[in-house]
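Below, chains carry the letters A, B, ... as their sequence lines are ordered, and counting in each starts from 1.
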Amino acid sequence: MSALFALVDCNNFYASCERLFQPRLRHRPVVVLSNNDGCIIARSNEAKELGIGMGDPYFKHKNFLRRHGVAVFSSNYALYGDLSWRVMTVLEQMEPAVEIYSIDEAFVRLPPLCGSTAAMQARQLKERVDTCVGIPVAVGLGRSKTLAKLAARIAKKKNLGVFDLEHCREQQALLAAVTVGDVWGVGRRSVKKLNLQGIYTALDLQKSDTQRIRRTFGLPMARTVVELGGTACLSLEKCPASRKSIVSSRSFRQPVTELRDLSEAVSSYISIAARKLRDQGLVATNLHVFLATSRFRSDIPRFSGSRMVSLEQSTSCTSTLIKAGVRTLKALYERGYPYNKAGVMLTGLCRSDICQQSLFAPKNTKQQAALMGALDQVNDRWGKDVVRYASSGLSRSWCMKQARKSPAYTTNWSELPMVRA
DNA sequence: TCTGGGGTCCTAGGACCC
DNA sequence: TCTGGGGTCCTAGGACCC
């Protein structure tokens, strides 16, 4: 008997968080809005029953929400982050193998258990989170992550709390009842293509030819097919890979045309991104600035572009980044466009304690070889990892190639030693 | 000078996820 | 009038270099 995956998924997470502090909203519909109160990004079950869609623009529903007595909240990410941490801590206290997948979901590996024991264990997880944090969760059990996701979906849909797809007799019938677009990893674009090939349900996809899917849709989709068949391709990642990019961007309430105003906006986004960078103990090598006009307006000129600047030295210093960012913005800016959105992205991220001592950005293959040589000497165990880590100032493709060459390559950076090149 | 292969860098965009 | 923000991975083409 092999191990089972459990997916613990918080129900309507943001809405549940708001409700936690206002119990009077218990049976009332609740929605939470995105930044700028632009879109609806979380809905309680009652709000879903009213027909409010995920991502719907707030302005279109404003009157409707008022008429139906829906409680509306602007988002409070600090609160959600804190409650998420509490939920994850409870899970980690109960089980040794937990992967925090997103702010409101975690995969848990359960040891091989017989049917009733697995469900019982899942129920204990659910009850503990409920008691200790007060956030309702659904738990799905399956032989792969994809099946666990599907099971959690069924648990929510049928209001079961816990659902074990592995020890369930009607597995095939249940898969046949799930449309293929509701399978984890199958997006809107692929649904159309799959339908053209006669694949409409999760069961159809499970029964399809893996090689053909691989050729038509690529590796990730082929993995989904195998996972649906009960073979785990995706493992539990206890230590999350380190960040590869940090983004800070916003849409404007009104179109912005002046460079001065855009500079102000970009500077403030850089401050936010640099703060995140420092909080995570990282430095960045590249800064991207991007600008775009509204994608919903056909009556005004369209523009969307980005520009990157490589920094002379990896840094997390706000003023250095702002100077570079404003220069880059000037190069990107074109007069006459009503810009609707701007943002910045930091890439070439590297842990600051390693980077400050060892990183120099090699300009050619000779320098690359020298860097690799120096870092390889650290020791066999860490060498390749450090190379990839310390070389984040290099191009992505070069790093990937180095990483692939190493069979022992891992993405677990948590115990990396300090290095001097 | 011509020729070609192999490689990187950059930009852009597609697809997926929460 | 108003339509989110933050991620990952992959692909492709043009410019450029050795």
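Between the CE atom of A:M221 and the P atom of C:dC10 there is a distance of 15 Å, rounded to whole Å. The interatomic distance linking A:N35 (CG) with C:dC2 (P) rounds to 18 Å, in whole Å. Between the P atom of C:dG7 and the OH atom of A:Y77 lies a distance of 12 Å, rounded to the nearest Å. Note: CG (A:L33) to P (C:dC2) measures 17 Å, nearest angstrom. Counting to the nearest Å, the P atom of C:dT3 and the NZ atom of A:K341 are 11 Å from each other. In this entry the distance linking CZ of A:F252 with P of C:dT3 reads 12 Å, nearest Å. The CD1-C1' distance, from A:I272 to C:dG4, rounds to 14 Å in whole Å. Taking atom CD1 of A:I103 as the reference point, atom C1' of C:dG6 lies 11 Å away to the nearest angstrom.
Aromatic ring orientation, A:Y269 versus A:F252: parallel (interplanar angle below 30°, classes split at 30° and 60°).
Regarding contacts with the backbone of B:dC9, every side-chain N or O of A:N286 stays at 4.0 angstrom or more from both OP1 and OP2. Regarding contacts with the backbone of C:dG5, every side-chain N or O of A:S248 stays at 4.0 angstrom or more from both OP1 and OP2. Residue A:R297 places none of its side-chain N or O atoms closer than 4.0 Å to OP1 or OP2 of C:dT3.
Formation of a donor-acceptor pair under 3.5 Å by the A:Y339 side chain with backbone atoms of A:Y333 is not found in this model. Using a distance-only test at 3.5 Å, with no hydrogens or angles considered, no donor-acceptor pair links the side chain of A:E237 to the main chain of A:E99. Side-chain N or O atoms of A:N36 include one that pairs as donor or acceptor with a backbone N or O of A:S251 at under 3.5 Å.
For the residue pair A:R212/A:Q197, the side-chain donor-acceptor check at 3.5 Å is satisfied. Judged purely by distance below 3.5 Å, without hydrogens or angles, the side chains of A:E18 and A:Y80 pair a donor atom with an acceptor atom.
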Here DNA chain B, pairs taken as Watson-Crick or G-U under 3.5 Å and shown with ( ), [ ] when crossing and | when to another strand, reads ....||||||||||||||
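Between A:L349 and A:L282, the closest heavy-atom pair is CD1-CD1, 4.2 Å. Annotation for A:S263 and A:V326: closest pair OG-CG1, 4.2 Å, computed over non-hydrogen atoms.
Ion pairing between a basic and an acidic side chain is recognised when a charged N comes within 4.0 Å of a carboxylate O; A:D56 and A:K60 show no such pairing. A salt bridge links A:R19 and A:E46; the closest N-O separation between the charged side-chain nitrogens and carboxylate oxygens is under 4.0 Å.
Where A:R250 and A:P255 meet DNA chain C, the nucleotide closest to each residue was compared, and A:P255 sits on the side nearer the 5' end. Residue whose closest nucleotide on DNA chain C sits further toward the 5' end, between A:F59 and A:N36: A:F59.
Across C:dG6, C:dG4, C:dT8, the shortest atom-to-atom separation from the side chain of A:K244 is found for C:dT8. For A:K60, whose side chain is taken as the heavy atoms from C-beta onward, the closest listed nucleotide among C:dG7, C:dG6, C:dT3 is C:dT3. You'll find that the side chain of A:S245 is closest to C:dT8, out of C:dG4, C:dG6, C:dT8.
Contacts of A:K149 with the nucleic acid, taken as non-hydrogen atoms under 4.0 Å apart, involve only primed sugar atoms and P, OP1 or OP2.
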Could you go over nucleotides 15-18 of chain C and give all protein N or O partners under 3.5 Å, atom names and distances?
none

Sub-3.5 Å pairs of nitrogen or oxygen atoms, protein against nucleotides 11-14 of chain B:
unit_1: B:dA12; atom_1: OP2; unit_2: A:S306; atom_2: N; d: 3.1
unit_1: B:dA12; atom_1: OP2; unit_2: A:S306; atom_2: O; d: 3.2
unit_1: B:dA12; atom_1: OP2; unit_2: A:S306; atom_2: OG; d: 3.4

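Here the rule is side-chain contact (heavy atoms from CB on, under 4.5 Å) with A:V183, and of A:T201, A:L150, A:L175 only A:L150 fits it.
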Please walk me through it: do A:V98 and A:F107 pass side chain to side chain contact (heavy atoms under 4.5 Å, CB included)? CA-CA 6 Å; A:V98 175; A:F107 286 103; over 6 Å; no
